[in-house]
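Working notes for the structure below.
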Amino acid sequence: MPARKRNNAPSQRKRGREPTSDHDGDNHHPTNARSGASRDITKRNLPQKISRSESHQKQLIYGSSVLVVAIIAGALWNYLDNTVDPRIVQFWSTMCREAQCARYVNPVRRTLQASRPIRSGEVIAEIPRHLQIWDIDALRNEFVREELLSARHARTGNLLPSGAFLAAYLALQYQDMMLSNVTASKDIEKSILKSYFEALPTGDELVDHPVLWSTEDLASALGQHSRSFGVVVAHKEMVASEYQAFLRASGNFADKISEEDYTIARLWVLTRSFSPGPDICSNEINKEDLPLFEKHVMLDFAKGCHAMVPILDALNHHPEPNVAYQYNADKRAFLITAKRKIPVGFELYDSYGKFSDSHLFAKFGFVNGDGSGHTQASIAFFHRMFDYGMDNEYSHFSKTHHEKNRALLSAQRPSLIRYLQYDDGYVDCITGQEEGDAYKLKELKLQHLMKIANTESRWVVTVGPRRPNSQPVESTEILITEQLPEIDPRRVRLNLLPLIETCRLISVIHTDYDGQAIAYLEQNLETSDFVLEKDNNALEYRTFMCLARLASNALMNVSGGRKVKEEESILATLTREDFGGRNWTAGHVRLGEMQTLQLISGAAFGQMQQWVENLPESIPPEYTVREKSCPP
């Protein structure tokens, strides 16, 4: 996986093809135990053929010896080179006793590859329901039901998502499995699940997942005000809050599961779970259980549920996958089929969904680095947003305690004021109530800003793949392309309208809208989807100045003062020296966000230039803009 390894351990990937081992097991060359006795008979009874026969036997022995040495050396090389993870080999052979596995697929490193050409539509694996672990299974567990269902997030009082209970259950099951003395002869199903747990990535193998980075390291790598930083920190906070919620709910949980163990299990769920589909999940729940689950768990059947699916979770990601998967209700199994022809030696790729690189990095811990993913950037430079597109998994806002939400918004107020301190459109800074209507409008603008402060679409822009036609290569250990992805402004579809509407609110002055700006904002304080429409050229000029300023400030924060070309040079060096590593991955996330912010800034300055060219020699005061903010 280009970096992804569905939580597989991040590895040092190479820029050239790496040899892989053959695990078909069909090419054995056993020595003939009776050949020595035959040779003795030949020596006594056929003296004229002794010389020729001995020579032939010596050649056979020598050839066999060389072959054995080669096999052993190859196996040892593969092990030392980490080409094949022995745990995956063991898991594959054990799992395929119950699951239907194609013989033309073999394990390699921590994933699977084709050992012969695979035709489109061929079934690669069928994983039955009893070998999967769902969040619904977790919620049926006695310990989970009796001790954990009352868990709530401390800050908000919100319910925990079902993925948190699945993580707790996995951590408990892992300990039981590792302590048990299960053998295939005694319990085949438990033996299979034990081999699955043994094959899951360890804490040491997940050490480069960004959720495990320190906040300081994340800020240094991504920029403290970047979109990517905010998304990763939100995931870190979610995992920590869930563990603390379980500790408060159960006096026994801490004795059973450490925070480190829970975090690793939660990363398994984040990076390796699948949704069987909304209808399938609904049908899995007993009617008598549904009221209990709805009361204590954040369930959203419109998006399905969480299922840990052995074999399927070993596949790496690319937006252009060569396999597809689906839960078959009749067979009660996940089916993996070839989406197109897969050449021999190619790894199997599925798609994790349409994630931006920011979310792909925060959730799965990798990016492909080929420009095949979406990029995101935020102009929320002065305040921390509390909406990170995590749906119902985690939120800073309470669903029941509205006074907590008001307190949270009040805490954002000082940061939001900073957007209004440039006082564009006024010759003098607005310092207090003595400024009359100008000050009154500023207070109204702040109230409207507080309403949209955490609305993702008003601050964040998403840009489509920089290389939408990029295809995966034979192995995730191979660099897809040495050419760094770039945004082509002529081809990209950039919807800046919501950001423009935010900056128009920031930039409006009391004389706009025929002097009715104050009345307009007062009348719409309770309008949830209120936006200011275009009014006059001066307002549009200030609006695009606001957008250019915020995008430029955000770009400086993400880049640490470096230009995009400098960042590209650094990343080119990392590609040569650290392909697939921690710095290379963060570098690609950072570059994508920088390129997106540069695109926003360039588009805004381009629009400003149109107004500048038509300005009179004596510039009207409403065209006043500032490089530095006014005093607070």
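Since we're looking at a predicted model, the values are computed, not measured.
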Tell me, with the steps shown, if Arg140 and Arg145 meet side-chain contact (heavy atoms from CB on, under 4.5 Å).
CA-CA 7 Å; Arg140 291 171 178 157; Arg145 281 198 176 207; 4.2 Å; yes
Phe246 and Phe165: CA distance, side-chain angles, deciding distance, ring-ring contact (aromatic ring centres under 6.0 Å, His included) verdict:
CA-CA 9 Å; Phe246 285 138; Phe165 294 96; 5.5 Å; yes
Test side-chain contact (heavy atoms from CB on, under 4.5 Å) on Tyr349 and Val323; report intermediate values, then the result.
CA-CA 6 Å; Tyr349 295 89; Val323 305; 5.8 Å; no
Go through the steps to decide whether Leu193 and Gln173 satisfy the test side-chain contact (heavy atoms from CB on, under 4.5 Å), and finish with yes or no.
CA-CA 10 Å; Leu193 290 177; Gln173 289 289 98; 5.8 Å; no
Go through the steps for Arg467 and Thr481 under the test side-chain contact (heavy atoms from CB on, under 4.5 Å), then give the verdict.
CA-CA 11 Å; Arg467 287 208 189 98; Thr481 174; 3.5 Å; yes
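Within the 3.5 Å criterion, the main-chain N or O of Val211 finds a donor-acceptor partner in the side chain of Lys236. Under the 3.5 Å distance criterion, the side-chain polar atoms of Arg340 are matched with a main-chain donor or acceptor of Pro321. Panel note: side chain Asp578, backbone Leu574; no donor-acceptor pair is recorded below 3.5 Å. Put simply, the side chain of Asp208 never gets that close to the backbone of Gly581: no donor and acceptor are under 3.5 Å apart. Remark: the backbone N or O of Met308 is not paired with any side-chain donor or acceptor of Ser273 at under 3.5 angstrom.
Taken from CD1 in Ile124 to CD1 in Ile336, the straight-line distance is 7.0 Å, to the nearest 0.5 Å. With rounding to the nearest 0.5 angstrom, the NZ atom of Lys363 is 10.0 Å from the NE2 atom of His209. For the atom pair Ile257 CD1 and Leu172 CG, the distance stands at 4.5 Å (nearest 0.5 Å). Rounding to the nearest 0.5 angstrom, the gap separating the OG atom in Ser195 from the NZ atom in Lys190 is 14.5 Å. Atoms CD and CD1, from Gln471 and Ile480 in turn, are 9.5 Å apart once rounded to the nearest 0.5 Å. Rounding to the nearest 0.5 Å places OG of Ser282 at 8.0 Å from CD1 of Ile136.
Of all the heavy atoms in Asp313 and Tyr196, the pair that sits closest is OD2-OH, 2.5 Å. Contact between Asn368 and His317 at its shortest, heavy atoms only, is OD1-O, 3.3 Å. Of all the heavy atoms in Val460 and Arg227, the pair that sits closest is CG2-NH1, 3.8 Å. Annotation for Pro107 and Trp92: closest pair CD-CD1, 3.8 Å, computed over non-hydrogen atoms. For Asn495 against Val461, the heavy-atom pair with the smallest separation is O-CG2, 3.8 Å. When all heavy atoms of Ile127 and Pro310 are compared, the closest pair comes out as CG1-O, 3.4 Å.
In the model, Asp204 has no side-chain atom that pairs as donor or acceptor with a side-chain atom of Thr202 under 3.5 Å. A donor-acceptor contact closer than 3.5 angstrom is absent between the side chains of His374 and Thr462. Side-chain contact of Glu347 with Thr111: a donor-acceptor pair under 3.5 Å is absent, judged by distance alone. Inspection of the Tyr262 and Glu242 side chains reveals an N or O donor paired with an N or O acceptor under 3.5 Å. Arg109 and Ser475 share a donor-acceptor pair across their side chains, judged by distance under 3.5 Å alone.
Ion pair Glu147/Lys256 not flagged as a salt bridge, since none of the NZ, NE, NH1 or NH2 atoms sits closer than 4.0 Å to an Asp/Glu carboxylate oxygen. Of the charged side-chain nitrogens involved, at least one lies within less than 4.0 Å of a carboxylate oxygen, so that Arg110 and Asp85 count as a salt-bridged pair. Using a cutoff of 4.0 Å between basic side-chain nitrogens and carboxylate oxygens, Arg87 and Glu205 are scored as salt-bridged. In summary, Glu393 and Arg266 engage in a salt bridge, as defined by a charged side-chain N under 4.0 Å from a carboxylate O.
Between Leu149 and Leu139 the shortest side-chain heavy-atom distance falls below 4.5 Å. Put simply, the side chain of Leu170 reaches to within 4.5 Å of the side chain of Val269, judged on heavy atoms. Using a 4.5 Å cut-off on side-chain heavy atoms (C-beta onward), Ile192 and Thr94 make contact. Tyr394 places none of its side-chain heavy atoms less than 4.5 Å from the side chain of Pro161. Side-chain atoms of Lys331 and Gln100, non-hydrogen and from C-beta on, never get closer than 4.5 Å to each other. Val105 has its side chain within reach of Ile118: a pair of non-hydrogen atoms, C-beta onward, lies under 4.5 Å apart. Side-chain contact between Phe274 and His306: absent, with no pair of heavy atoms (C-beta onward) separated by less than 4.5 Å. Contact annotation: the side chain of Leu335 never approaches that of Tyr325 to less than 4.5 Å [non-hydrogen atoms, C-beta and beyond].
No option in Asp357, Asp370, Asp488 other than Asp357 meets the salt bridge (charged side-chain N to carboxylate O under 4.0 Å, His left out) test with Arg466. The only member of Phe361, Phe364, Phe366 that meets ring-ring contact (aromatic ring centres under 6.0 Å, His included) when paired with Phe355 is Phe364.
Using cut-offs of 30° and 60° on the angle between ring planes, the pair His359 and His235 is perpendicular. Taking the six-membered ring where the residue is Trp, Tyr174 and Phe197 present perpendicular rings, their angle passing 60° and hence far from 30°. Using the six-membered ring where Trp is involved, Tyr243 and Phe253 have ring planes that are tilted, between 30° and 60° apart.
Annotation: cation-pi pair Arg129/Trp134 present, NZ/CZ under 6.0 Å from the ring centroid and within 45° of its normal.
With a 6.0 Å radius and a threshold of 12 heavy atoms from other residues, nucleotides or ligands, Glu288 has its CD atom above the threshold. Atom CD of Glu260 has 12 or fewer neighbouring heavy atoms from other residues, nucleotides or ligands inside a 6.0 Å radius. In this structure, Gln326 places its CD atom where only 12 or fewer heavy-atom neighbours from other residues, nucleotides or ligands lie under 6.0 Å away.
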